[in-house]
Amino acid sequence: MTPLPESEDDSRSVGISDVAARAGVSPGTVSNVLNRPERVAEPTRRRVEQAVRELDYVPNSWGRSLRSGRSDSVGLLVLDVTNPFFTEVARGVEDVASEEGLAVVLLNSAERQDRQQRSVRLLAEQRAAGAVVMPVDGGVDDLLWLRKQGVPWVLLDRGDVGADVACSVAVDNHAGGMAAGRHLVGLGHERVIYLSGPSRLEQCRARLAGLRAALEEAGIDPDGAVRPVFTEQLNAESGEKAVEELLAGGPKRRPQAVFCANDQLALGVLKGLGGRGLGVPQDLSVVGYDDVGFAGLLHPGLTTVAQPKYEIGRAAMRLLLSELNETGHRHERLRFAPELIVRGSTAAYRG
Ligand code: RIB
């Protein structure tokens, strides 16, 4: 990597007027070279670019923000920063944002309303240009307040908000639940636990509805075949803790399969079952959701419903840019198709 050039005078920051004097142009011409280079004749543009390099000039974004009334940053507010699902989503958001010269500020609600409200206020105070947000529950009041402060946002991972309110990007979670259900029915499983996250999360409810629809489609009564177990958080610790409840009722009532609302929960379930001497898939099958990095590295590998995480992040940021830059912007609801990835954590029921 080319080392950053040593500036001639480190005692003070170089200003746009210094660059203009060095290149023999006006400060406005320097600004045009930096922001609208197509408006400047090539010889002049080259002189300014050379002056920028020689003086090691770094534009002051605060000055631009004061003039435009908004910062050169966007917020990405996620539910749980420790969930690797968001790492891939964030990569997609940041790749698109950086192409537009925008910085991404990562905020973590930790699935808590008070943290979400604090993050939303911070975005307003910082005059963020916009935000990609994954709310902690079904409400969007905090986000409607943010929009009133002049900060537009795109919803991530929610299917229950209409295009009359905002843009949203998510995977089709009902289809994802159906894919998991069809897979388990195809293996002969008729006693399934759905290990959900908090029921306030629409994506968790939609996955359960898809699972139930798959059993119904196979002529199996979902009320008798599917037992939902709700956890307060969507992490491995909650999954491990839930195993006690999953196995309550003894071997005769043991589920034949557990469909987890995300891979983090499934990881905890695998640990909890292993700690009780139960084998996967020998004693019961386990399905996750997301297909995060570790899903394919476990042994056995985790059967899971994959989400196009990076593409979801890119699409969300592109929609935000559309709302920021296009006068004729109309909100859109983008839905991506999930994909079942079959690995070793599921097998036919052997009765
Ligand atoms: O953040 C909670 C879950 O919702 C993630 O694991 C992912 O599945 C998202 O859709």
Side-chain angles (χ1 to χ4, degrees), residues 76-93 106-113 115-116 119 132-139 154-161 168-181 194-211 228-240 242 258-270 286-296 298 302-316 333-341:
L76 172 60
L77 175 55
V78 298
L79 264 182
D80 172 5
V81 72
T82 65
N83 182 343
F85 168 80
F86 294 107
T87 311
E88 274 303 284
V89 169
R91 189 167 70 87
V93 169
L106 179 63
L107 298 158
N108 179 31
S109 64
E111 301 187 54
R112 285 172 37 184
Q113 185 83 40
R115 292 274 304 256
Q116 173 171 289
S119 297
V132 174
V133 184
M134 188 172 179
V136 297
D137 62 12
V154 172
L155 275 183
L156 192 65
D157 207 36
R158 283 273 299 281
D160 57 342
V161 175
S168 63
V169 183
V171 77
D172 180 338
N173 285 301
H174 190 275
M178 280 205 83
Y194 173 64
L195 185 59
S196 174
S199 59
R200 63 175 179 270
L201 289 176
E202 182 268 346
Q203 63 267 41
C204 294
R205 295 198 304 271
R207 293 166 197 173
L208 171 57
L211 170 68
V229 172
F230 296 95
T231 64
E232 252 319 291
Q233 290 192 298
L234 278 151
N235 54 27
E237 186 186 355
S238 300
E240 185 178 4
V258 183
F259 170 35
C260 301
N262 75 359
D263 291 346
Q264 300 269 91
L265 285 171
L267 183 63
V269 167
L270 292 172
V286 175
V287 180
Y289 204 103
D290 292 343
D291 195 26
V292 295
F294 64 68
L298 297 171
L302 180 64
T303 294
T304 185
V305 179
Q307 295 201 57
K309 300 168 282 293
Y310 177 70
E311 291 73 15
I312 285 174
R314 287 187 66 89
R333 288 177 82 241
L334 289 187
R335 292 295 170 269
F336 284 86
E339 181 190 358
L340 180 73
I341 309 291

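Read the numbers this way: they start at 1 and go in the same order the structure lists the ligands and their atoms. For clarity, every value in this text was computed on a predicted model and none was experimentally measured.
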Tabulating one pair per line, provide the atom names and distances (0.1 Å) for every N/O atom of ligand 1 that is less than 3.5 Å from a protein N/O atom.
residue  : atom   : partner : partner atom : Å
ligand 1 : 4 (O)  : Asp157  : OD2          : 3.0
ligand 1 : 4 (O)  : Gln203  : NE2          : 3.2
ligand 1 : 6 (O)  : Asn83   : ND2          : 2.9
ligand 1 : 6 (O)  : Asn262  : ND2          : 3.0
ligand 1 : 6 (O)  : Asp290  : OD2          : 2.5
ligand 1 : 8 (O)  : Arg207  : NH1          : 3.0
ligand 1 : 8 (O)  : Arg207  : NH2          : 3.2
ligand 1 : 8 (O)  : Asp290  : OD1          : 2.5
ligand 1 : 8 (O)  : Asp290  : OD2          : 3.2
ligand 1 : 8 (O)  : Gln307  : NE2          : 3.2
ligand 1 : 10 (O) : Asp157  : OD1          : 2.8
ligand 1 : 10 (O) : Asp157  : OD2          : 2.5
ligand 1 : 10 (O) : Arg207  : NH2          : 2.6
ligand 1 : 10 (O) : Gln307  : NE2          : 3.1

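Residues forming a side-chain hydrogen bond (donor to acceptor under 3.5 Å, both in side chains) with Glu111 (at least two apart in sequence, or on another chain): none. In this view, Asp160 and Arg158 satisfy the side-chain hydrogen bond (donor to acceptor under 3.5 Å, both in side chains) rule, not counting sequence neighbours. For Arg314, the side-chain hydrogen bond (donor to acceptor under 3.5 Å, both in side chains) test picks out Tyr310, with sequence neighbours left out.
Checked by atom type and distance alone, the side chain of Thr231 never pairs as donor or acceptor with a backbone atom of Pro198 at under 3.5 Å.
When side chains are defined from C-beta on, Pro135 does not count as touching Val161, because their heavy atoms never get closer than 4.5 Å. Contact of the Asn83 side chain with the Leu234 side chain is not registered, since no non-hydrogen atoms from C-beta on lie closer than 4.5 Å.
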